[in-house]
Student: 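Could you have a look at this structure, given as C-alpha cells, before my questions?
Throughout, protein chains are lettered first and strands after them, A, B, ... in sequence-line order, and every chain is numbered starting at 1.
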There are 2 protein chains.
Amino acid sequence: MNENQVLPWDNPRFKNWIAVARASQLIHQKLGRALVSLDIKVPHLDIMANIYRFEGISQQDLAHKLLVGRSNISMLLPQIEKRGLIERRKDETDKRILRLYLTDKGREVTLKALAIELELIEHSLSTSNLDECNQVGRIMNRMIDQMDAWGK
Amino acid sequence: MNENQVLPWDNPRFKNWIAVARASQLIHQKLGRALVSLDIKVPHLDIMANIYRFEGISQQDLAHKLLVGRSNISMLLPQIEKRGLIERRKDETDKRILRLYLTDKGREVTLKALAIELELIEHSLSTSNLDECNQVGRIMNRMIDQMDAWGK
DNA sequence: ACATAATTGTACAACCATGAACGAAAATCA
DNA sequence: TGATTTTCGTTCATGGTTGTACAATTATGT
C-alpha cells in the first residue's frame, strides 16, 4: 500500500501552487533588479513601506508584519537609518520600544519604489481582469487564515 | 500633479498580490520547519524533486528550472552528495556536463519530503475547490508568461 | 515591595544566495 | 586546422536571513 502512487505533480492543488510559488519568486527577483535604480533592496522597501503605512510602529510589530525575525529588522534598520531614510525614537512611556518614522527623503524614496513595484505588478497581472485578481486574493487570504489556524 | 495620490494598497492588483506574496512566504517557512524531521532544507528538496522528475538533468538546466544561479546549485550539491542522496556522473559525450541522479536513499527521502509538502499545500488550500485552484494556476501562469515576455 | 516572568531590541555565529572571475571543454567559423 | 566564442561547472567575496543567547526594561503574582 503505497500512498505515493500518485506523484505530487498530478495533484491539482500542488501543481497550481507551484505556479504561485514561481510567480512569486519571479516578481521578487524582478523587483530586486528594478530597485537598483533607487539603490535600495527589496527588504528595505518592505520595511519602509510598512513604516509609511504604520507610522511609529515598533521593531517587534514590524518584524511580525513582515514575517521575519527581530534580528533581521535589527540588522537592516541601521543601514537605512545611516542613509537618512528613517528615524528611530525611543518611546517615552516604555523605554524598551523604538518607534520608527520615515524622514522626508525616506518618504520620497518609498513612494518612488512603490511606484516601481506597482508598475511591475500591474503589468504582470494586466492579462487578468479585476474579478480574477480579487478571487486570487480571496483564495490566498483564506489560505493564510487556514495556515494561521493550523498554527503548525 | 502627483501620480501617487492613490496609495498602492488601494490598487486592487497590488493589494491582491500582497496576499499572494504572504501566502507564498508562509508556505515556504512552514515547509522549512516541517522538513527538519527529514534533516533537509527547502532548497535541497527543490533540487531533489527536480532530479526525481528529470533524471540525468545537468546542473545548468537545474539552475534554470529553479530560477537560481549556477553557483547556488554548485555549492548545494556537494552537501547532498556527501549524504548519499544523489550522484553526479560526467556525461561521456560532453565532458563539461555533470548529470544528476538520485540514489535509492535519495529517492526515498524525496518521496517522504514531497508527501510532507503535499500535505501542507492540500491542507492550506482545502478551503478552496478545484475550480478555484485551477483558476489561480491559470492566472499565475499567465503572469509568468507576461513577465517572461517582458524580459525586463 | 520583591522575586519571577515576559517583552524589546541587539550581538554573534552559521548558513544560504548572488554575481563576477576563472579554467576546462566544446562549438563556431574562417 | 586554428583562432575565437560560447557553455558548463567551480571558487570566492559579499551580503541577506535565521536562531540563540543576552542586557535592559516592564509586567505579573504573591
Student: Any donor-acceptor pair under 3.5 Å linking the side chain of B:S58 with the backbone of B:L98?
Tutor: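 No.
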Student: Should B:I57 and B:H64 count as side-chain neighbours, where that means a heavy-atom distance under 4.5 Å?
Tutor: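 Of all side-chain heavy-atom pairs linking B:H64 with B:I57, none is under 4.5 Å.
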Student: Keeping the roles fixed (side chain from A:N16, backbone from B:C133), state whether a donor-acceptor pair exists under 3.5 Å.
Tutor: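 Looks like yes, one N/O pair under 3.5 Å.
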Student: Over all strands shown, is A:I73 touching base, sugar-phosphate only, or nothing at heavy-atom distances under 4.0 angstrom?
Tutor: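 The residue A:I73 makes no contact with any strand.
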Student: Is there a donor-acceptor pair closer than 3.5 Å between any side-chain N or O of B:S74 and the backbone N or O of B:S71?
Tutor: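 No: the side chain of B:S74 does not pair with the backbone of B:S71.
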Student: Please examine the side chains of A:M140 and B:S24, heavy atoms only from C-beta on, and report whether any two atoms are closer than 4.5 Å.
Tutor: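 No; the side chains remain at least 4.5 Å from each other.
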Student: Once salt bridge (charged side-chain N to carboxylate O under 4.0 Å, His left out) is applied, do any residues pair with A:E117, and if so which ones, sequence neighbours excluded?
Tutor: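 Checked A:E117 against salt bridge (charged side-chain N to carboxylate O under 4.0 Å, His left out); zero matches.
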Student: Heavy-atom distance under 4.5 Å between the side chains of B:R138 and A:E132, does that happen here?
Tutor: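 Side chain of B:R138 against side chain of A:E132, heavy atoms only: no contact under 4.5 Å found.
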Student: Taking C-beta and beyond as the side chain, do B:R13 and A:L130 meet within less than 4.5 Å on heavy atoms?
Tutor: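 They are in side-chain contact.
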Student: Answer yes when A:R142 and A:D145 have at least one side-chain N-carboxylate O distance shorter than 4.0 Å, and no when they do not.
Tutor: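 The answer is no: the pair does not qualify as a salt bridge.
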Student: Please list, in numerical order, the residues of residues 46-65 of chain B that have a heavy atom closer than 4.0 Å to any atom of DNA chain D.
Tutor: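 Residues of residues 46-65 of chain B that come under 4.0 Å of DNA chain D are, in numerical order, B:S58, B:Q59, B:Q60.
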Student: Measure the distance from CG on B:N72 to C1' on D:dG9 and round it to the nearest whole Å.
Tutor: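 One finds 13 Å between C1' of D:dG9 and CG of B:N72, rounded.
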Student: Give the ring-plane orientation class for A:Y52 versus B:W9, where under 30° counts as parallel, over 60° as perpendicular and anything between as tilted.
Tutor: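 It falls in the parallel class, under 30°.
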Student: Which residues in residues 79-96 of chain B have at least one heavy atom lying under 4.0 Å from any atom of DNA chain D?
Tutor: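 Per residue number, the list reads B:R88, B:R96.
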Student: Less than 4.5 Å apart, any side-chain heavy atom of A:D148 and any of B:L26?
Tutor: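 The answer is yes, as the side chains (C-beta and beyond) meet within the 4.5 Å cut-off.
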Student: Dump the intermediate steps for side chain to side chain contact (heavy atoms under 4.5 Å, CB included) on B:I116 and B:L120, then the final yes or no.
Tutor: CA-CA 6 Å; B:I116 290 177; B:L120 175 60; 5.6 Å; no
Student: Using heavy atoms to find the nearest nucleotide of DNA chain C for A:Q29 and A:S74 separately, return the residue whose nucleotide is more 5′.
Tutor: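 Looking at DNA chain C, the more 5' nearest nucleotide goes with A:S74.
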Student: Quick one, which residues of residues 35-45 of chain B touch DNA chain D with a heavy atom under 4.0 Å?
Tutor: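 Within this stretch, nothing sits under 4.0 Å of the strand.
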Student: Does anyone know the first and last nucleotide of DNA chain C in reach of chain B, 5' to 3', at under 4.0 angstrom to a heavy atom?
Tutor: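 The protein-touched segment is C:dC15 to C:dA26.
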Student: Nearest-Å distance, CZ (B:R70) to P (D:dT6)?
Tutor: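 From B:R70 CZ to D:dT6 P: 14 Å.
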Student: Side-chain contact, heavy-atom cut-off 4.5 Å: B:V109 with B:R83?
Tutor: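 In short, these two side chains do not touch, never coming nearer than 4.5 Å.
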Student: Where the side chain of B:Q29 meets the backbone of A:L67, is there a donor-acceptor pair that is under 3.5 Å apart?
Tutor: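 Checking the backbone N and O of A:L67 against the side chain of B:Q29, a donor-acceptor pair under 3.5 Å is found.
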Student: Quantified as the angle between the terminal helix axes (five pairs each), what is the overall bend of the helix from C:dA1-D:dT30 to C:dA30-D:dT1 to 10 degrees?
Tutor: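 One end axis against the other gives 30°.
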Student: Do A:L38 and A:L45 have side chains that get closer than 4.5 Å, going by heavy atoms?
Tutor: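 A:L38 vs A:L45: side chains apart.
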Student: Rounded to whole Å, please give me the gap between CZ in B:R99 and C1' in D:dT7.
Tutor: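 Atom CZ in B:R99 sits about 13 Å away from atom C1' in D:dT7.
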